[in-house]
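Sequence lines set the chain letters: A, B, ... in the order given, protein chains first and strands last, and positions in each chain run from 1.
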2 protein chains.
Amino acid sequence: MTRVLVVDDDAQILRALRINLAARGYQVLTAVDGTAALTAAADAPPDVVVLDLGLPDLDGTEVIAGLRGWTQVPIIVLSARTDSHDKVDALDAGADDYVTKPFGMAELLARLRAAVRRASVGQVDGDPVVVTATFTVDLAAKRVRRGDAEVHLTPTEWGLLEQLVRNPGRLVGQKQLLREVWGPAYTRESNYLRVYLAQLRRKLELDPAHPRHLITEPGMGYRFEP
Amino acid sequence: MTRVLVVDDDAQILRALRINLAARGYQVLTAVDGTAALTAAADAPPDVVVLDLGLPDLDGTEVIAGLRGWTQVPIIVLSARTDSHDKVDALDAGADDYVTKPFGMAELLARLRAAVRRASVGQVDGDPVVVTATFTVDLAAKRVRRGDAEVHLTPTEWGLLEQLVRNPGRLVGQKQLLREVWGPAYTRESNYLRVYLAQLRRKLELDPAHPRHLITEPGMGYRFEP
DNA sequence: GTCCGGGCTCAGAGTCGGCTCAGAGTCCGC
DNA sequence: GCGGACTCTGAGCCGACTCTGAGCCCGGAC
């Protein structure tokens, strides 16, 4: 469960955030001033901090600095100040995001999700890959593996596969494929597609005669089925 | 140098951003529509993307999804829409931040700094020394050892090796290598690559004719295999 | 049943990209 | 001004990739 530390001296806002966050399955911790926030965070490190800038005891940037001294937890700043100077200060002090009051709850929640997602992807280091039952495609590294073995693809084969994999489950038209891989002058050479799709299937499919992931849609185009 | 890809169909904004970013030491790449943005990013991966939502060809969330399919690069969305619904959609699609037009340049720059800082903390991992079976590369000290002996590299050789070693296991395109080592005017001189890769292999590989770490991907680029 | 169009497979020809080597040009330090 | 290192260029060779054409299969139309 994701733990959110909400820091605000306004009981109204605290209440509203507590209810909304709890309803969405977050575990909510609260603090009403800067020192309480710092001790609470040190006590039980949260996954994300929502921090109001107008605290009674400490300046907002001090709280941010206090947290940043030892943790990279995402910090979303709330503030009534719309002055760009305040925003710049808070962000440069180490905040991740800055939302001005009055704020929409939907937007705040979306920014919260974005911050948490970002923090969590940073932990797993691997490249994002598309996986099927028989092969895996690493779009960033431009690599394809089938089981343990690396599969070598030619530029054309890779271009074709990339187009299909970038639209998982969706039908990609013949013209579109031809345009993206061969260029706009080749949109009628649909036989190229047949030849190279056959090669891809031979390299990637378990049973090339009955493909399960690189599907032909007769007369229309092709589809990659994850 | 931090590379920023700015995507906007408004020439005014493109110009303003280019000037402001370049003045602060960023390297600026631009694209005027979604497909150009996706190919530009695949061609030369930027460190951060500034993306306008109102593009002529693709929907903003499609561009975000297209990037998120293979990279975790920070995406800052620009938009004239203030509707919270749009913000939620963009953030949930994978954007990192959402700035509404008209925006203050100081604020945008601060959010940009925040996004880049965040992305860079995860990367610092470990020592800047890359080790393979036959040689070791110390990126910080700019030294290469092969067994006990120090190997001397010329500036060009080093630039090439550095690019490859900084992307271990990943394919680095010919254009990208040429741009990074020789400059943007040389992106077609792929014979340079052959000559210098051959030299590197002669200096570093056990069997230069059958390289195990500096791999050619015909028609696409080269790959460093740790 | 026959015809026809779209799709699959296979094999061969031509081209293109990649490797190697050697030599000329250029830049820098002494 | 000289020497040496570095960078660039060109030629020959080779292998791989791309394209093309022919034959075959399948399903639908007549």
J.: Looking only at heavy atoms, which two atoms of B:Ala140 and B:Pro128 are closest? And how far apart?
T.: CB-CG, 3.7 Å
J.: Nearest to the B:Glu189 side chain among D:dC6, C:dG6, D:dT9, which nucleotide is it?
T.: D:dT9
J.: Using a cut-off of strictly less than 4.0 Å, decide whether A:Arg201 has a side-chain nitrogen or oxygen near OP1 or OP2 of C:dT9.
T.: no
J.: Nearest whole Å is fine: how far is C:dT20 P from B:His210 NE2?
T.: 10 Å
J.: Which heavy-atom pair separates A:Ile64 from A:Ala90 by the least distance, and what is that distance?
T.: CD1-O, 3.8 Å
J.: Look at B:Tyr196 and D:dT9 and indicate whether a side-chain polar atom (N or O) is within less than 4.0 Å of OP1 or OP2.
T.: no
J.: Kindly say if A:Ser190 contacts the phosphate of C:dG6, meaning a side-chain N or O under 4.0 Å from OP1 or OP2.
T.: no
J.: Taking CG from B:Leu178 and P from D:dT7, how many angstroms apart are they, rounded to a whole number?
T.: 14 Å
J.: Of all the nucleotides listed (D:dT9, C:dT9, C:dC19), which has the minimum atom distance to the side chain of B:Val195?
T.: D:dT9
J.: Any chance you could measure A:Leu177, atom CG, to A:Tyr196, atom OH, to the nearest 0.5 Å?
T.: 14.0 Å
J.: Answer yes or no: does a side-chain N or O of A:His152 lie under 4.0 Å from OP1 or OP2 of D:dA16?
T.: no
J.: Is there a side-chain polar atom (N or O) of A:Arg202 under 4.0 Å from OP1 or OP2 of C:dC8?
T.: no
J.: At under 4.0 Å, does any side-chain N or O of B:Tyr192 touch on OP1 or OP2 of D:dT9?
T.: yes
J.: Choose from C:dG18, D:dC19, C:dC21 the nucleotide whose nearest atom is closest to any side-chain atom of B:Gln174.
T.: C:dG18
J.: Which comes earlier along DNA chain D counting from the 5' end, the contact point of A:Asn191 or that of B:Tyr186, where each point is its nearest nucleotide?
T.: B:Tyr186
